[in-house]
Structure formats: structure tokens, C-alpha cells
J.: 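My questions all concern the structure below.
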Amino acid sequence: MWGALVVLTALEAARELFDLGGPQTLYESWFPDLVLGASAALVLVRAGYEPQARSAWLSIGLAMAAWFLGNALWNIVYGSGTNAPYPSFADVLWLLWYPLMALGIFYLVRLRVPRFVLDRWMDGMAVVFIVLSIGVAVVIEPDFSHAVHGDFSTIVGFSYPILDVLLIGAILGVFGLLGWRPDKVFLLLGLGTLASATVDATFAVQQAKGVAQDNHYAFVWTLGALLIAYAAWVRNPETADEVHQVVGLRAVALPLVAQAFAIGIQLYAYFRPIPPVERLITVAVLVVSCVQILLTRPRLATNPVDRHQSEPEAQE
């Protein structure tokens, strides 16, 4: 089954990348919907066999099912060339994907991180704020500047890039929370989510600017769904992994990068105006970085054995 889904995705990608001929409905509707529906079913089936992460994969499977139903119903109702209203009933299903995915990721994180480690959580927050700052400048601000304010369709359309940026930041933040050592499950899940959210954000910006929709990257949505489904069937660790301790330069690398990024934004503001929210996010990045440095500062050994071992080194 996996082979067939990969072939369908490859056919869609080849047609879009190389402008190959063929029935438009088949490649742009049936192939993607078939892969997406099969991916949702695979995740939901996995939830039935998974004793520990059942809640996580059930939530992710429902997210995939909402995505599939939104696509399939939209293609059935409006795919024949009928002028589709915006927003439509499909937007309700598409927007459900974000909270359900976030809930599933939260359940998986709770399994992987058995105890609360403040400095690691701060690493994750720093990454979220950095991604949010980039997303405001690159995705959200262009979308907002071209939108017609006060219209309900604008609110719906504006929700997509905001949720996409937050989801991308959350995924990268989870990687930081795991000490930048994600297992195969999180690596595949992260790649699939990043692929889908990134292309969705690109589509939202093009739509807001009135640019013709470029179908040469639509296969990335399908690829993202396939990666998420495959992540569900990668063998999960039977016990939760302990959080790896990060020492040395790696322990302060992220705070230094976050501060350098915040400084760069402030320098950029001398030459080009930046939105007020960008400044607030920059302040948040600096605050988190300061807390990270405090948490990773050297401490005196509290274990008597450690003291005895360090005394000869001090005398030398």
C-alpha cells in the first residue's frame, strides 16, 4: 500500500514540476484526495493498535480526516468550475486541522518528556518566538497589508497564515525541547507538518496579494500527509526517553543565536519600518534568552562525591 501511495505522490509531483500533460481532475483532485484519505485512515488504524500514544494518533488521525473531508467535499461541490464562495463549509474542516494536530503533538511530547525541564522548555519557547518573528515579517504582515479589513472572509483567510506560523514554530520548538535529537517519529511528523504548513502559508500570501495560484508546489501538501502517516507507523519507544543533558557551547548556542537575531531585527529597524508586533516579539526573544543564560550558568556541585572529585583538580 505504501508503494502505491508513493507512486501517486510521485506522479502528481512530476506533472506539476515538469508541466506534463494528463487529465487535470485526475492529477489535481483524485490523486491527492486518495493519498490524503488513505493517510488519514492509516493514522486512525495505528491509533487502534497503539496502547501508549493512542490519544496522540487519534487526534492526528482526526486532523487528517478533517483535511481530507474538506478537500474531497470541496472538489465534489465546486471542482467542476462552479464559482466557490469564500469562506465555504470546507474552511471549517481545514481550520480544524490545526488544533487537532497541536493536541496530538502535545500528547506525543508528554510521552517523550517524562519530567519538566525548565531550560529545555525555554529552548522551545525561544525557537517559537524566532519563527513567529520571521513569520510576521514574511507571511503575516504581507497577508494583512493586502487584506480588506472588517470582512469575515478576511478573518478566515488571515487565520491560515497565523496558525501555519504558530504550528511551524511549535514543531521546531519541540525539536529544541527534545535537545535537537528527535526520534524518527518526531522527525517524520515534523517534516510532514512543516511541509504542509509552509506551502499553506505560501498559498495564503499569494491569495492575499491576488497573485495567480502556482500549482507547481501543490504536491508538497500530499507529500506532507504521506510523511505524517508514515510517522504513525514508525516503532515508538516502549518507554519515554530521558531528556539528554546539553553541556558546553551547545548549552548556550541557542540563547546566543536568539539574541543575535533580536539584535539584527533592531538594526534593520533603523533602515526600514517594522510593525509594532515585531518589536514585542523581539523583546520576548530577549527575555527568554536571558532566562536561558541564567538556567545554563555553571553551578557548584551539590553532591559530596562531586566535591571530593573536584578538590584535587582545584589544588592542581
J.: What verdict does the side-chain hydrogen bond (donor to acceptor under 3.5 Å, both in side chains) test give for Asn71 and Trp221, after you've listed the backbone C-alpha separation in whole Å, the side-chain angles of each residue and the deciding distance to 0.1 Å?
T.: CA-CA 11 Å; Asn71 277 20; Trp221 272 309; over 6 Å; no
J.: If hydrophobic clusters are built from ILVMFWY residues whose side chains come within less than 4.5 Å, do Trp97 and Val92 share one?
T.: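 The answer is no; the residues belong to distinct hydrophobic clusters.
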J.: Under a 3.5 Å distance rule, please check whether Asp91 uses its side chain to pair with a backbone N or O of Ser88 as donor and acceptor.
T.: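 Answer holds: yes.
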J.: Between Phe186 and Val109, does the side chain to side chain contact (heavy atoms under 4.5 Å, CB included) criterion hold? Intermediate values first, please.
T.: CA-CA 9 Å; Phe186 260 109; Val109 170; 3.7 Å; yes
J.: On a heavy-atom basis, which atom in Leu100 and which in Ala63 lie closest, and how many Å separate them?
T.: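 Closest pair (atom of Leu100, atom of Ala63, distance): CB-CB, 3.5 Å.
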J.: At what distance, to the nearest 0.5 angstrom, does OG of Ser39 lie from CG of Leu227?
T.: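 Separation between the atoms: 9.0 Å.
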J.: Nearest 0.5 Å please: distance from the CG atom of Leu223 over to the CD atom of Glu12.
T.: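 Those atoms lie 9.5 Å apart.
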J.: In chain order, what residues pass the side-chain hydrogen bond (donor to acceptor under 3.5 Å, both in side chains) check against Thr193, with sequence neighbours excluded?
T.: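 Here no residue qualifies.
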J.: Hey, can you pull the donor-acceptor pairs under 3.5 Å for the side chains in residues 161-170, sequence neighbours left out?
T.:
unit_1, atom_1, unit_2, atom_2, d
Asp164, OD1, Tyr98, OH, 2.7
Asp164, OD2, Tyr98, OH, 3.4
Asp164, OD2, Ala201, N, 3.4

J.: Under the side-chain contact (heavy atoms from CB on, under 4.5 Å) rule, collect the residues that match up with Ala47, sequence neighbours excluded.
T.: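 Once residues adjacent in sequence are excluded, the partners of Ala47 under the side-chain contact (heavy atoms from CB on, under 4.5 Å) criterion are Trp57, Leu58.
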J.: If you apply the rule side chain to side chain contact (heavy atoms under 4.5 Å, CB included), what do you find for Val185 with Arg112, and how did you get there?
T.: CA-CA 11 Å; Val185 174; Arg112 296 298 189 276; 3.7 Å; yes
J.: Any non-hydrogen side-chain atom of Trp30 less than 4.5 Å from a side-chain atom of Asn75?
T.: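 Heavy-atom side-chain distance check fails, nothing below 4.5 Å.
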J.: Restricting to side-chain contact (heavy atoms from CB on, under 4.5 Å), what partner residues turn up for Ala195, sequence neighbours left out?
T.: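 If we apply the side-chain contact (heavy atoms from CB on, under 4.5 Å) test to Ala195, skipping adjacent residues, the hits are Val220.
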J.: So, applying side-chain contact (heavy atoms from CB on, under 4.5 Å) with Thr222, which one of Val35, Leu36, Asp33, Leu34 is it?
T.: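 The passing option is Val35.
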J.: Applying side chain to side chain contact (heavy atoms under 4.5 Å, CB included), run through Tyr107 and Ile60 and close with a yes or a no.
T.: CA-CA 10 Å; Tyr107 283 134; Ile60 294 173; over 6 Å; no
J.: Mind listing the closest non-hydrogen atom pair of Gly190 and Phe175 along with its distance?
T.: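 Scanning both residues completely, I find the closest heavy atoms to be CA-CZ, 4.1 Å.
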J.: Taking atom CZ of Phe219 and atom CG of Leu17, what is their separation to the nearest 0.5 Å?
T.: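 Answer rounded to 0.5 Å: 4.5 Å.
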J.: On a heavy-atom basis, which atom in Pro182 and which in Leu187 lie closest, and how many Å separate them?
T.: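 Distance-wise, the nearest heavy atoms are CB-N, 4.3 Å.
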J.: Give a yes or no on whether a salt bridge exists between Arg54 and Glu50, defined as a side-chain N under 4.0 angstrom from a carboxylate O.
T.: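 Judged by the 4.0 Å cut-off on N to carboxylate O distance, Arg54 and Glu50 do not form a salt bridge.
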J.: Measure across Ala90 and Gly70 and return the closest heavy-atom pair with its distance rounded to 0.1 Å.
T.: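 Closest approach of Ala90 to Gly70, heavy atoms only: CB-O, 3.6 Å.
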J.: Nearest 0.5 angstrom please: Trp94 CH2 to Tyr160 OH, how far?
T.: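 Going from CH2 on Trp94 over to OH on Tyr160, the span is 6.0 Å.
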J.: Verify, without hydrogens or angle tests, whether Ser196 (side chain) and Gly192 (backbone) share a donor-acceptor contact under 3.5 angstrom.
T.: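 Yes.
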J.: Heavy-atom distance under 4.5 Å between the side chains of Tyr230 and Leu42, does that happen here?
T.: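 No - every pair of side-chain heavy atoms lies 4.5 Å or more apart.
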J.: Measuring from atom OH of Tyr78 to atom CG of Leu73, what distance do you get when rounded to the nearest 0.5 angstrom?
T.: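 If we round to the nearest 0.5 Å, Tyr78:OH and Leu73:CG are 10.0 Å apart.
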J.: Using side-chain contact (heavy atoms from CB on, under 4.5 Å) as the criterion, list what pairs up with Ala38, not counting sequence neighbours.
T.: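 So Ala38 forms a side-chain contact (heavy atoms from CB on, under 4.5 Å) with Met1, Leu5.
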J.: Considering residues at least two apart in sequence or located in another chain, which fulfil the ring-ring contact (aromatic ring centres under 6.0 Å, His included) criterion with Phe31?
T.: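 Partners of Phe31 by the ring-ring contact (aromatic ring centres under 6.0 Å, His included) criterion, ordered by chain and then number, come out as Tyr27.
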J.: Mind checking side-chain contact (heavy atoms from CB on, under 4.5 Å) for Ala41 and listing every partner two or more places apart, or none if nothing turns up?
T.: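 Per chain and number, Ala41 pairs via side-chain contact (heavy atoms from CB on, under 4.5 Å) with no residue.
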J.: Taking all non-hydrogen atoms of both residues into account, name the closest pair between Arg46 and Val234 and its distance.
T.: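 Heavy-atom minimum between the residues: NH2-O, 4.1 Å.
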J.: Go through the steps for Leu189 and Met101 under the test side chain to side chain contact (heavy atoms under 4.5 Å, CB included), then give the verdict.
T.: CA-CA 10 Å; Leu189 181 62; Met101 282 296 299; 4.1 Å; yes
J.: My understanding is that only residues two or more places apart in sequence, or in another chain, count here; which of them pass side-chain hydrogen bond (donor to acceptor under 3.5 Å, both in side chains) with Trp233?
T.: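 Applying side-chain hydrogen bond (donor to acceptor under 3.5 Å, both in side chains) to Trp233 gives none.
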J.: At their closest point, which heavy atom of Val43 faces which heavy atom of Ala229, and how far apart are they?
T.: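 Looking at all heavy atoms of both residues, the shortest contact is CG2-CA, 3.7 Å.
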J.: How long is the gap from CG on Leu44 to CG on Leu62, to the nearest 0.5 Å?
T.: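 If we round to the nearest 0.5 Å, Leu44:CG and Leu62:CG are 5.5 Å apart.
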